[in-house]
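Here's the structure we're looking at; comments come further down.
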Amino acid sequence: MKAASDIIDEIFENFEQSRIFRDREKLLPDYIPEVLPHRENEIKRLAMILAPSLRGEKPNNAFIYGLTGTGKTAVTRFVLKKLSEKAGRKGIKITPIYINIRRRDTPYRVIADIAEAIGLRVPFTGLSVGEVYKRVLTKLDRRPGVYIIVLDEIDFLVRRHGDDLLYKLTRINEDLKRSRVSLIGITNSTTLIDSLDPRVKSSLGEEEIVFPPYNAEQLKDILEERAREAFYDGVLDPDVIPLCAALAAREHGDARRALDLLRVSGELAERKGDRRVTRTHVLQARIEIERDRVAEVIKTLPLHGKLVLASIAIVSRGRGKATTGEVYDEYRKLVKMLGLEEVTFRRVSGIIAELDMLGIIRARTISRGRYGKTRIIELAADPEAINGVLVKDLALEEISGYLEAGISGKGHSLR
DNA sequence: CTTCCACCGGAAGTACCGGTAA
DNA sequence: TTACCGGTACTTCCGGTGGAAG
């Protein structure tokens, strides 16, 4: 047994003299590379759309769609970066504003982010959307120029809050006297476009660019390109990149997934003090990424969300699936045991829908004819991972024994 | 063919919280 | 201080609905 300080020293030392990473940051999701393989056409298209801004004109609005990890964000940020560099050299006023809506998915937060991007300080609540919008208008006109607002992953806004804000933004130029605003909407889902107000649709869709998914070969090129900068020569086993590419290709060619996989594989190797990254690291990285994702999702669930998930885990144990009614019964037992207030059936039904959207369970509605209509629910993520996080997170002493026995099915209580 | 189960899921509303503006 | 804002979690009410049983 080593002394604790020895172990810490060892960790720090290993870290300082990384024999794996030349520059780990090159693999992070927000790094914008100089070379984007297999996206030359998309870059050209977007550049042509935005070029008029260099003459001080307002470019057309654009709609970009493609599945996650097809390079939409990277291409857009790349072109925007080049554009503002060029504009800076020519002394033209172009302001790109990039907003990712995934975690800022309400109208207020989006407009607040726009405000902040142009240098306005706004509180996180207390003002109305209209008020912030007005302040943005005056600020935009006070600093005349062309503004290009990119709304990445607008699906998250529209799905839950409609397209009112989008409509407002598409008409913002009517309220501006001296500045011009172009909008670029980015979305993962093709069906989203149809759910938009026709006026928003036609305004945003002045130009459209579709990003096709990458295939395994293309993913390999992308990974090799990045790996050259991120890793030292020769630390990657030859089968590492093909494996990462193949795994990600299965997930509709998601390049972000592939890069995550490669990065975490490297981190794993580094943490273990290994000299080389092997396919074993990749396979383990896949498990680790999934476990982290599950833990993150569960942690941010409201209390009754966790309890419903626990109920699903308990009911589906052994036979792998459950129905809404069974889950609700189990949930009520759990809540009673804890002496908590129970939420309504309707709410539990809603929670099940939410868990499904988060990808932590799979729920599909079926009809059993005479025996009614219900949802068949299964855990979508690794049950062990879910159980582990739940037992730790709920940390309800009185019942942790019951939970552990009930959920994991190991059949023993710890007390 | 109709019935009818066991749910689904939309819509509107409530309570509460942490905030702003004047 | 008062009036109002938005976000979250939840309730109340209620009109569907796929398909096996009768």
Side-chain angles (χ1 to χ4, degrees), chain A residues 99-116 120-139 151 153-169 191-192 194-197 296-312 315-316 319 321-336 338-358 360-378 393-394:
Chain A
I99 289 161
N100 188 328
I101 289 173
R102 188 194 285 267
R103 281 216 187 70
R104 315 279 299 156
D105 59 349
T106 68
Y108 181 84
R109 290 206 273 248
V110 171
I111 193 76
D113 277 3
I114 293 174
E116 231 136 74
L120 283 170
R121 222 203 67 80
V122 285
F124 69 89
T125 183
L127 300 179
S128 68
V129 170
E131 173 61 28
V132 178
Y133 178 79
K134 252 191 277 171
R135 293 185 189 186
V136 167
L137 279 184
T138 43
K139 179 80 178 187
L151 302 171
E153 309 195 84
I154 22 172
D155 349 4
F156 289 87
L157 175 67
V158 176
R159 213 173 40 210
R160 285 178 51 203
H161 301 277
D163 53 8
D164 290 357
L165 179 69
L166 243 40
Y167 179 67
K168 226 174 183 171
L169 286 176
T191 53
L192 175 100
D194 303 320
S195 67
L196 292 175
D197 183 312
E296 190 53 39
V297 169
I298 293 177
K299 260 191 262 164
T300 55
L301 243 34
L303 173 63
H304 292 279
K306 291 170 187 168
L307 294 172
V308 169
L309 181 58
S311 308
I312 293 169
V315 177
S316 67
R319 54 207 175 104
K321 54 186 170 19
T323 66
T324 306
E326 291 164 348
V327 170
Y328 188 59
D329 290 344
E330 183 61 40
Y331 162 80
R332 282 174 64 171
K333 271 199 256 166
L334 247 171
V335 161
K336 201 170 211 171
L338 293 166
L340 296 168
E341 297 272 314
E342 69 189 55
V343 299
T344 55
F345 185 91
R346 178 68 185 87
R347 176 62 188 142
V348 169
S349 174
I351 288 172
I352 290 171
E354 283 166 29
L355 292 173
D356 186 32
M357 267 206 306
L358 289 167
I360 198 146
I361 65 170
R362 257 191 310 274
R364 57 180 204 284
T365 66
I366 57 138
S367 175
R368 296 172 300 182
R370 166 93 299 187
Y371 307 105
K373 198 177 155 194
T374 187
R375 272 178 296 191
I376 297 288
I377 303 157
E378 326 166 71
D393 195 285
L394 283 169

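We name chains A, B, ... by the order of the sequence lines, and we start the count at 1 in each one. Being a predicted model, the structure only gives us computed values, none of them experimental.
Residues A:Tyr328 and A:Glu342 are in side-chain contact: their nearest non-hydrogen atoms beyond the backbone lie under 4.5 Å apart. Two residues are said to be in side-chain contact when any heavy atoms from C-beta on lie closer than 4.5 Å; A:Leu307 and A:Val343 fail this criterion. In this structure, the side chains of A:Leu340 and A:Leu303 come closer than 4.5 Å at one or more pairs of heavy atoms.
For A:Glu326 (side chain) and A:Thr323 (main-chain N/O), a donor-acceptor pair under 3.5 Å exists by modelled atom type. Remark: the backbone N or O of A:Asp197 is paired with a side-chain donor or acceptor of A:Asp163 at under 3.5 angstrom. Panel note: side chain A:Arg375, backbone A:Ser349; a donor-acceptor pair is recorded below 3.5 Å.
Using a cut-off of 4.0 Å between Lys/Arg side-chain N and Asp/Glu carboxylate O, A:Glu354 and A:Arg347 are scored as salt-bridged.
Taking atom CZ on A:Arg364 and atom C1' on B:dC8, their separation rounds to 16 Å, with Å as the unit. C:dG19 atom P lies 10 Å from atom CD1 of A:Ile366, rounded to whole Å. Rounded to an integer number of Å, the gap from A:Arg368 CZ to C:dG19 C1' is 12 Å. Atom CD1 in A:Ile376 sits roughly 14 Å away from atom C1' in B:dC8 (whole-Å rounding). In this structure, A:Arg370 atom CZ and B:dC5 atom C1' are separated by 6 Å, rounded to whole Å. The distance from atom CD of A:Glu341 to atom P of B:dA15 is 16 Å, rounded to the nearest whole Å. Atoms CD (A:Glu326) and P (B:dC5) sit 19 Å apart, rounded to a whole Å.
Residues from residues 122-137 of chain A that place a heavy atom under 4.0 Å from any atom of DNA chain B, listed by number: A:Pro123, A:Phe124, A:Thr125, A:Gly126, A:Leu127, A:Arg135.
Minimum heavy-atom separation, A:Leu394 to A:Ala310: CD1-CB, 4.4 Å.
The 5' end of DNA chain B is approached more closely, in terms of each residue's nearest nucleotide, by A:Gly369 than by the other of A:Gly369 and A:Arg375.
Note that A:Arg159 lies in the cation-pi zone of A:Phe156, set by a 6.0 Å cut-off to the ring centre and a 45° limit from the axis.
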Going 5' to 3' through nucleotides 8-17 of chain C, assign each nucleotide B (protein heavy atom under 4.0 Å from a base atom), S (under 4.0 Å only from sugar-phosphate atoms) or - (no protein heavy atom that close). SSSSBB---B

